[in-house]
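This report concerns only the one structure given below.
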There are 2 protein chains.
Amino acid sequence: MLSIKQSKLSARAKVLKAMAHPSRLFIIEELEKGERCVCDLTEMIGADISTVSKHLSLLKQAGIVIDEKRGNQVFYRLRVPCIINFFGCVEKVLEL
Amino acid sequence: MLSIKQSKLSARAKVLKAMAHPSRLFIIEELEKGERCVCDLTEMIGADISTVSKHLSLLKQAGIVIDEKRGNQVFYRLRVPCIINFFGCVEKVLEL
DNA sequence: TATCTATTTGGCAATATAGCCAAATAGATA
DNA sequence: TATCTATTTGGCTATATTGCCAAATAGATA
């Protein structure tokens with residue numbers, strides 16, 4: 001009852017928390033266009049590769065992205081492709 | 001160019017961050033039904049009233065809610081009423 | 001005015017997050 | 001095999017967040 005509601009809210013909060021960082025939002029937007037390797041994302045973001053790797057593993061942990069190793073590169077892509085609609089409401093908050 | 005993109009991402013991240021907490025998601029869901037005073041929300045959440053008040057001021061700061069004082073109570077309501085749709089995508093992340 | 005209720009604010013301790021460097025791991029290639 | 005590239009992990013420090021208590025503020029009422 002209350003605890004079911006509570007755990008649902010916690011689960012949602014975790015997803016939002018995982019998204020709530022500029023670099024991670026950038027990654028999500030970039031992955032909307034298609035899969036990207038860590039090195040490409042790192043170059044675009046301009047942070048240390050270890051930092052980007054940790055952002056990616058956090059997104060993976062949250063169920064937002066999945067990874068696939070090919071050769072010595074790891075490619076990430078979105079696990080759920082509905083992020084574009086997702087931001088209509090966030091934008092409304094920012095516009096008013 | 002890059003900095004415009006960057007500041008847009010930061011703005012979005014702030015909104016998401018403000019939402020990314022179970023109690024604050026509960027508040028948002030509750031306010032979808034209509035305005036609520038701090039004392040009612042506090043009772044429903046079961047935390048200290050100062051804690052709830054801080055959650056509310058954080059949501060206000062983020063532009064998600066607005067407040068109105070009437071008598072000695074303060075009523076909060078959503079500033080943007082599109083939160084219901086907002087979670088379709090989050091749910092997808094959680095379902096798969 | 002004194003006091004009661006509702007709310008906010010300040011301050012603190014515990015915990016979580018961010019980002020860097022260095023080291024470890026893994027696949028590719030000389 | 002030795003080495004190069006790509007990535008992850010461990011560890012550290014700085015900073016941010018959370019939630020409580022106590023105190024301050026403000027309106028309502030005795």
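Below, chain A is the first sequence line, B the second, and so on; all start at residue 1.
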task = State the pairing partner of D:dT13; accept Watson-Crick or G-U wobble contacts with both distances under 3.5 Å, and report none otherwise.
result = C:dA18

Paired nucleotide for C:dA26 [Watson-Crick or G-U wobble; both distances under 3.5 Å] = D:dT5

request  = Using the closest heavy atom to pick a nucleotide of DNA chain C for each, name whichever of A:Arg24 or A:Lys69 lands nearer the 5' end.
outcome  =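 Final value for this comparison: A:Arg24.
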
Figure out the [atom1]/[atom2] separation between [X] and [N], and round it to whole Å.
X	N	atom1	atom2	value
A:Glu43	D:dT7	CD	C1'	16 Å
A:Asn72	D:dT7	CG	P	7 Å
A:Leu56	C:dT17	CG	P	17 Å
A:Asp48	C:dA23	CG	P	14 Å
A:Phe75	D:dT7	CZ	C1'	12 Å
B:Gln61	C:dT8	CD	C1'	14 Å
A:Leu58	C:dG19	CG	P	11 Å
B:Lys14	C:dT17	NZ	P	19 Å

task = Might you confirm whether atom CD of B:Glu68 has over 12 heavy atoms from other residues, nucleotides or ligands at distances under 6.0 Å?
result = yes

Using a cut-off of less than 4.0 Å, is there contact between a side-chain N or O of [X] and OP1 or OP2 of [N]?
X	N	answer
A:His55	C:dT17	no
B:Thr51	D:dC20	yes
B:Tyr76	C:dA6	no

Give the nucleotide from the list [options] with an atom nearest to the side chain of [X].
X	options	answer
A:Ala47	C:dA16, C:dC20, C:dA6	C:dC20
A:Ser50	C:dC20, C:dG27, D:dC20	C:dC20
B:Ser53	D:dT9, C:dT7, C:dT8	C:dT8
B:Ile49	C:dT8, D:dA16, C:dG19	C:dT8

task = Work out which heavy atom in B:Ala47 is nearest to a heavy atom in B:Thr42; give both atom names and the distance.
result =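 For B:Ala47 and B:Thr42, the tightest heavy-atom pair comes out as O-CG2, 3.4 Å.
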
request  = Answer with base, sugar-phosphate or nothing: what part of the nucleic acid does B:Lys17 contact at a heavy-atom distance below 4.0 Å?
outcome  =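 Contact class for B:Lys17: sugar-phosphate only.
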
ask   = For A:Gln6, does its backbone N or O pair with a side-chain atom of A:Ser10 as donor and acceptor, under 3.5 Å?
value =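 A pair under 3.5 Å: yes.
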
query = Do the side chain of A:Arg36 and the main chain of A:Leu41 share a donor and acceptor less than 3.5 angstrom apart?
reply = no

ask   = Does the salt bridge (charged side-chain N to carboxylate O under 4.0 Å, His left out) test come out yes or no for A:Arg12 and B:Glu29, once each step is laid out?
value = CA-CA 12 Å; A:Arg12 285 180 172 184; B:Glu29 282 204 342; 2.9 Å; yes

message = For A:Lys54 and A:Asp67, find the nucleotide of DNA chain D closest to each by heavy atoms; which residue's nucleotide sits nearer the 5' end?
response = A:Asp67

